[in-house]
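One structure is given here, and the rest of the page talks about it.
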2 protein chains.
Amino acid sequence: MAKVGLKDIAAQTGYSIATVSHALRNPDRVADATRKKVIAAAEAVGYTPNNLAVSLRTARSGNIVVIIPDIADSHNSNIIKAIEKVARARGYSVLLGDTQGSEAREREFARMTQTRQADGVILMSHRLPFDRKPGLPIDKLPPIVNGCEYAGHDDLPRVYIDDYQAAIDATNHLLDYGHRRIALISGDVETHSTRERLRGFDDAMAAAGVEVDRSLQVRAGYTLEEGIAGATRLMRHREPPTAIFCFSDEIAFGAMYALRDMGHSVPDDVSVMGFDNIPFARYITPPLTTIAQPTAEIGATCAEILLDIIDGKRPETPLRILPHELKVRESTRRISG
Amino acid sequence: MAKVGLKDIAAQTGYSIATVSHALRNPDRVADATRKKVIAAAEAVGYTPNNLAVSLRTARSGNIVVIIPDIADSHNSNIIKAIEKVARARGYSVLLGDTQGSEAREREFARMTQTRQADGVILMSHRLPFDRKPGLPIDKLPPIVNGCEYAGHDDLPRVYIDDYQAAIDATNHLLDYGHRRIALISGDVETHSTRERLRGFDDAMAAAGVEVDRSLQVRAGYTLEEGIAGATRLMRHREPPTAIFCFSDEIAFGAMYALRDMGHSVPDDVSVMGFDNIPFARYITPPLTTIAQPTAEIGATCAEILLDIIDGKRPETPLRILPHELKVRESTRRISG
DNA sequence: TTGAAAGCGCTAACAC
DNA sequence: GTGTTAGCGCTTTCAA
């Protein structure tokens with residue numbers, strides 16, 4: 001179990017280190033008998049290559065790092081799972097970078113690509129984790145793909161849903177159900193996704209000829225706690241909303257909790273709409289109406305693209321839009337008013 | 001942004017590679033002026049050490065791998081977050097190993113320790129991910145700590161709660177509330193934690209003089225889906241339970257969903273007790289009575305111990321029991337019968 | 001078909 | 001205080 005190296009098995013078989021290496025990696029370039037002997041010896045002594053040395057030599061670490069704000073968020077962890085799966089299938093490991101939204105941490109993790117500990121990064125953030133000199137071509141950057149967000153670089157490969165259209169779909173659903181006073185608990189307005197959703201909401205409302213009441217909008221983070229705070233504030237409005245569109249299911253959970261706490265019923269008094277469709281969404285009480293994001297597909301696609309880039313294959317088109325889906329469940333209700 | 005090495009900055013400053021290396025790592029062993037010049041040059045060219053080479057040379061990768069059945073599980077991901085935090089603070093990165101319960105995957109990940117890609121492993125599983133020759137002393141094994149579970153080796157450092165006592169506390173709570181027909185949806189009986197909880201349940205029931213009805217027990221996994229299946233089956237019993245003790249909050253969520261689906265009210269018709277206290281537990285409807293595990297502390301402790309071992313400091317005592325806590329909320333109810 | 005030799009980029013004795 | 005040297009364990013020309 002100690003450190004056995006090529007050297008040891010070379011000594012044992014009488015071949016040179018080079019031959020042993022070949023026997024193990026390029027079976028064809030070596031005599032049949034040799035290969036067999038070497039492999040047998042390797043197994044006998046329990047040889048495991050020192051991947052550090054391999055990486056140093058081949059300049060490939062076999063790791064990718066995924067930079068993500070919060071791995072405890074269901075939506076994120078399911079994406080990670082998908083990434084992990086395809087990475088593994090293609091011989092890579094994933095290094096986890098939970099940043100808690102800190103830009104410094106994002107940059108720290110991205111540096112692993114320069115320190116050769118990682119071959120590429122999947123970035124679930126809206127900003128590039130390193131400085132890019134204006135005009136520097138994309139292929140001079142470390143292999144990177146942007147997931148769920150848009151970091152402001154058009155040539156950066158990225159995969160996400162059509163947040164604009166998704167927000168329209170969500171808003172239309174509420175509108176269809178007769179809601180007019182629709183409140184919003186949004187995410188970080190620094191992010192492209194949030195801005196797109198905001199835009200979608202506005203456009204849908206405008207298209208329906210309903211005026212948007214800005215005092216019915218609260219900006220938050222994607223957490224449950226912020227959903228509680230947001231809904232609490234909203235319901236204290238002198239003319240409270242009949243529906244709340246939350247930009248994440250976690251926010252929606254928090255909102256539903258707060259609503260119930262204040263004695264309002266969902267969906268009888270107020271309808272709640274989520275976003276993401278995390279696994280719990282359909283199992284809570286009442287089951288949450290929401291926009292489903294294809295998490296598994298997002299993760300898998302990000303990983304495939306990144307690994308392709310690492311292998312030298314750039315995607316033809318940087319942008320990959322994946323389909324979302326409106327899931328109507330019981331947290332929204334048709335009203336007469 | 002290309003590969004600048006010590007060599008380049010040596011050439012630029014006129015010093016030798018060794019001196020440059022010292023200037024960067026052991027500032028004291030070098031003249032003040034030298035250090036300044038070197039550091040300036042390093043910054044100027046944007047030098048980043050090749051950590052692969054550093055690791056190869058120092059035989060330390062700076063990574064730890066955490067082997068965990070499912071990172072999408074809230075309970076787990078919060079533990080990971082805590083691990084990540086202390087690892088980071090001590091200069092380590094964490095490699096994520098989501099195994100989906102597969103032993104092969106567990107072993108695969110554990111091998112990273114032999115391939116020198118990781119310096120140690122935190123194992124959230126009930127079995128050792130490599131073969132240990134009988135009698136082989138613990139310090140001949142790769143640095144490892146066992147979290148939340150007991151892999152059957154007494155000398156393996158491990159940290160978890162007192163599952164036996166926790167189950168007693170949970171059961172007593174139900175008993176106190178007047179329940180007698182208490183059902184169980186347990187986890188994998190292969191695991192020590194599950195067995196301990198089962199034992200605690202039996203002992204608590206016996207202590208109260210209540211006979212245990214084995215037909216009211218279902219063995220499952222820790223997932224929501226299994227909670228649904230379990231509760232469904234339980235309620236079809238000709239003499240259904242008045243309370244269900246679920247071995248995870250996810251199971252409990254599933255159970256509550258199924259119960260409601262079948263037209264039973266929680267807690268009016270049946271009380272539901274969880275285990276873990278994941279973040280959502282207190283926010284669902286009705287808020288879940290459960291056993292709180294100190295996830296942050298578990299993760300942090302695992303990491304601290306592992307890193308200490310890597311640094312050559314073995315813990316005095318392998319076993320570390322952390323405190324659990326009964327959280328009484330609204331999913332359990334006192335009954336008269 | 002096999003082996004000798006030259007490093008990958010860095011650290012750490014040890015000498016100067 | 002600084003430089004020389006010898007590798008860490010492996011891959012990979014290039015020659016034999």
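Just the heavy atoms: all of them, side chains too, but no hydrogens, waters or symmetry mates, feed the values below. Every chain is numbered from 1 and lettered A, B, ... according to where its sequence line falls, protein lines coming before strand lines.
To the nearest 0.5 angstrom, B/Asp73 atom CG is 9.0 Å from A/Ser74 atom OG. Going from atom CD1 of A/Ile64 over to atom CD of A/Glu84 covers 9.0 Å, rounded to the nearest 0.5 Å.
Here the side chain of B/His22 is nearest to one of D/dC10, C/dG3, C/dA12, namely C/dA12. Comparing C/dT2, D/dT12, D/dG3 against the side chain of A/Thr58 picks out D/dT12 as the nearest. Of the candidates D/dT13, D/dG9, C/dT11, D/dT13 carries the atom nearest the A/Arg29 side chain, counting heavy atoms from C-beta on.
In this structure, A/Leu52 atom CG and D/dG9 atom P are separated by 10 Å, rounded to whole Å. Atom CZ of A/Arg116 and atom C1' of C/dG9 are 10 Å apart (whole Å). Straight-line distance from the CG atom of B/Leu56 to the P atom of C/dG7: 17 Å, rounded to whole Å. The interatomic distance linking A/Asp28 (CG) with C/dT2 (P) rounds to 13 Å, in whole Å. Taking atom CZ of residue A/Arg35 and atom P of nucleotide C/dT2, one finds them 11 Å apart after rounding to whole Å. Taking atom CG on A/Leu6 and atom C1' on D/dC10, their separation rounds to 7 Å, with Å as the unit. Rounded to an integer number of Å, the gap from A/Lys7 NZ to D/dC10 C1' is 11 Å. Atom CZ in B/Arg57 sits about 11 Å away from atom C1' in D/dT5, given to the nearest Å.
The shortest distance between the side-chain N/O atoms of B/Ser21 and the OP1/OP2 oxygens of C/dT11 is below 4.0 Å. Listed pair A/Tyr47 / D/dC10 meets the phosphate criterion, a side-chain N or O lying under 4.0 Å from OP1 or OP2. Within the structure, every side-chain polar atom (N or O) of B/Thr19 is placed at least 4.0 Å from both OP1 and OP2 of D/dT2.
Within a 6.0 Å radius of CZ in A/Arg90, other residues, nucleotides and ligands contribute more than 12 heavy atoms.
Using a 4.0 Å cut-off between a side-chain N of Lys or Arg and a carboxylate O of Asp or Glu, A/Lys85 and B/Asp98 do not qualify as a salt bridge.
Nucleic acid contact for A/Ala31: sugar-phosphate only, since backbone atoms but no base atoms lie under 4.0 Å from a heavy atom of the residue. Across all strands, B/Thr34 comes closer than 4.0 Å only to sugar-phosphate atoms, never to a base (heavy-atom distances). Counting any heavy atom pair closer than 4.0 Å across all strands shown, B/Arg25 reaches sugar-phosphate atoms only and no base atom. The residue B/Ile17 sits close to a base: some heavy atom pair falls under 4.0 Å.
Between B/Tyr160 and B/His192, the ring planes are tilted. Angles from 30° to 60° get that label.
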